[in-house]
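One-based numbering, in listed order, for ligands and for the atoms of each. All residue numbers refer to positions in the sequence shown, counting from 1.
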Amino acid sequence: MALIVQKYGGTSVGTIERIEAVAEKVIKFRQDGHDVVVVVSAMSGETNRLLGLASDVMERPDPRELDVLVSTGEQVTIALLSMALKKRGWDARSYTGGQVRILTDDSHGKARIQDIDGDKMRDDLNAGRVVVVAGFQGVDADGNITTLGRGGSDTTGVALAAALGADECQIYTDVDGVYTTDPRVVEDARRLEQITFEEMLEMASLGSKVLQIRSVEFAGKYKVPLRVLSSFKEGPGTLITIDNEEDDSMEQPLISGIAFNRDEAKLTLVGVPDIPGVASRILGPVGDQNVEVDMIVQNIGQDGTTDFTFTVHRNEYEKAEEILTQICTDLGAREVVGDNKIAKVSIVGVGMRSHAGVASTMFRTLAKENINIQMISTSEIKVSVVIDEKYLELAVRSLHSAFELAEKE
Ligand code: ADP
Ligand code: ASP
Ligand code: MG
């Protein structure tokens, strides 16, 4: 008998029929003798609908009230799933994040989990109940409702699994595992039997939204066995594995996957005086206004000036441009130029550590398609490039075939 935490995403609970199907699935695990804690997302589209209502009222909604609003989506599905279980004769109890006491910090909209009280859930499990918990939400020390950021139910699932010492955390979604790239973009993308935490962390942070990045961090930190599976079809899914650097016996694939992100924008401050302290005078005010900077490139100076470029989330483009225009005047730089139609494509793989030439294959492939690379950034296990957004799909497809990632015939 095992303790399993199962998380079902928005599409998996998108209609009453699907909620009933989730109930059936949960019951199968109960019939096999397992204890089950279920985490559910809001019905698909619901979180976006709620965000839309808020922005109809005010342009930049109050963060506290926004969390009160968007957390309601998950309250609907926990109740419906519990009812569907009870209708089938299985005892179940639903809890909001605050009721379980998923304690978070107070950063509304991107709160971090600090502590989870497992007692109530354990009592319910001991009494033979299925515990159904609302994903994506918690409560701060003052009792305010908080949310964990988009895709945050994944993190709730993994955090509950860690807190309860579960044997496995299963993430049920609308694809049957983690693929070499988003199967919606590349038709012959291949499901991975397994992927290391380290690679999954890179994939998630570089734009693969199949798992929220924090859920992967959590699983790695607390060694939670994590698996991504389909709600709609049977299969082994993808296991996220602990890295085993000592095991050299297995041939590592060069590249495990390709991630991409369309939500990027680029800003350049042209003709900045090339003197000490400039980077901090540019990025200091940007950071102070809570704008997160991703890639940074500074060219070598010529004639005492240089160009300074960085990328931000597309939502923050206008805000960053405003800040930069002020800095431009303060520093006596020439001008601010920007582009919010860019995308980032990244190749990820631990095999890169031991193989040279991966980046050059990437650049050659893009050159062959006549795709101009605007920025490059590398780490030990990834290479990212910024390109014009209109070439994104072409870039992903051609890289996918250049690195021979497709399903073998
Ligand atoms: P859920 O609502 O279940 O949380 P998400 O929409 O958040 O589901 O995540 C699943 C989606 O992630 C898939 O439908 C797929 O389009 C996308 N995705 C992006 N990259 C990958 C990848 N490498 N492997 C699998 N799915 C991916
Ligand atoms: N409902 C939230 C969202 O749409 C959380 C989640 O589904 O994971 O982002
Ligand atoms: Mg998700």
Q) Looking at ligand 2, does G152 have a heavy atom less than 4.0 Å from it? A) yes
**Q.** Residue selection (non-hydrogen contact nearest atom 6 (O) of ligand 1) among R184, R191, M203, K209
**A.** K209
(Q) Does any N or O of ligand 2 fall below 3.5 Å from an N or O anywhere on G149, backbone included? (A) no
Q: Take every heavy atom of Q212, measure it against each atom of ligand 2, and state whether any distance is under 4.0 Å.
A: no
Q.
Give me the residue, atom name and distance of the protein heavy atom closest to atom 11 (C) of ligand 1.
A. D174 OD1, 3.9 Å
Q | R150-N48 side chain donor-acceptor pair, cut-off 3.5 Å | A | yes
Q. Looking at R150, which atoms of ligand 2 are within less than 4.0 Å of one of its heavy atoms?
A. 3 (C), 4 (O), 9 (O)
Q. Given that the side chain starts at C-beta and the backbone is N, CA, C, O, which of these parts of T181 lies under 4.0 Å from ligand 1, counting heavy atoms, or is it both or neither?
A. backbone
Q) Of the listed options (Y172, Y8, Y179), which comes nearest to atom 23 (N) of ligand 1 when hydrogens are ignored and any heavy atom counts? A) Y179
Q.
For K7, which part has a heavy atom under 4.0 Å from ligand 1: side chain, backbone, both, or neither?
A. side chain
Q. Under 30°, 30 to 60°, or over 60°: which ring-plane class applies to H34 and F29, parallel, tilted or perpendicular?
A. tilted
Q. Which protein non-hydrogen atom lies closest to atom 25 (C) of ligand 1, naming both residue and atom, and how far is it?
A. G177 O, 3.4 Å
Q. Does G151 reach ligand 2, in the sense of a heavy atom lying below 4.0 Å from it?
A. yes
**Q.** Closest to atom 15 (C) of ligand 1 (judged by heavy-atom distance), picking from T11, D182, V13
**A.** D182
Q. Which bit of E46 gets closer than 4.0 Å to ligand 2, counting heavy atoms only: side chain, backbone, both or neither?
A. neither
(Q) Quick check: closest heavy atoms across F403 and M362, and the distance to 0.1 Å? (A) CZ-N, 4.0 Å
Q | Inter-residue atom distance T72.OG1 - I145.CD1, 0.5 Å rounding | A | 9.0 Å
Q: Could you tell me the residue and atom name of the protein heavy atom closest to atom 2 (O) of ligand 1, and the distance to it rounded to 0.1 Å?
A: G10 N, 3.2 Å
Q) Taking the minimum heavy-atom distance to atom 8 (O) of ligand 1, which of T173, V178, V348 ranks first? A) T173
Q | T238 side chain to V228 backbone, donor-acceptor under 3.5 Å | A | no
Q. Counting both backbone and side chain atoms, is some N or O of T47 under 3.5 Å from an N or O of ligand 2?
A. yes
Q: Decide whether Q374 and K266 meet the rule of one side-chain donor and one side-chain acceptor closer than 3.5 Å.
A: yes
(Q) Is there a side chain to side chain contact (heavy atoms under 4.5 Å, CB included) between Y95 and R101? Walk through the geometry before answering. (A) CA-CA 9 Å; Y95 294 106; R101 209 137 200 289; over 6 Å; no
Q | M295 to S377 - nearest heavy-atom pair and separation | A | SD-CB, 3.8 Å
**Q.** Closest heavy-atom pair and its distance - A42, T47
**A.** CB-OG1, 3.8 Å
Q: Among all protein heavy atoms, pick the one closest to atom 27 (C) of ligand 1 and tell me residue, atom and distance.
A: V210 CB, 3.7 Å
Q.
Against F308, only a single residue in I327, I296, V270, L324 fulfils side chain to side chain contact (heavy atoms under 4.5 Å, CB included); can you say which?
A. I296
Q) Do any N/O atoms on P183 end up under 3.5 angstrom from N/O atoms on ligand 1? A) no
Q.
If we count only N and O atoms by modelled type, under 3.5 Å, do the side chains of Q6 and Y8 hold a donor and an acceptor together?
A. yes
**Q.** Under 4.0 Å to a heavy atom of E74 - the qualifying atoms of ligand 2, by number
**A.** 1 (N), 2 (C), 5 (C)
Q) Rounded to the nearest 0.5 Å, how far apart are NE2 of H313 and CD of E292? A) 9.5 Å
Q: Using a strict 4.0 Å cut-off to heavy atoms of S41, name the atoms of ligand 2 that fall inside it.
A: 6 (C), 7 (O), 8 (O)
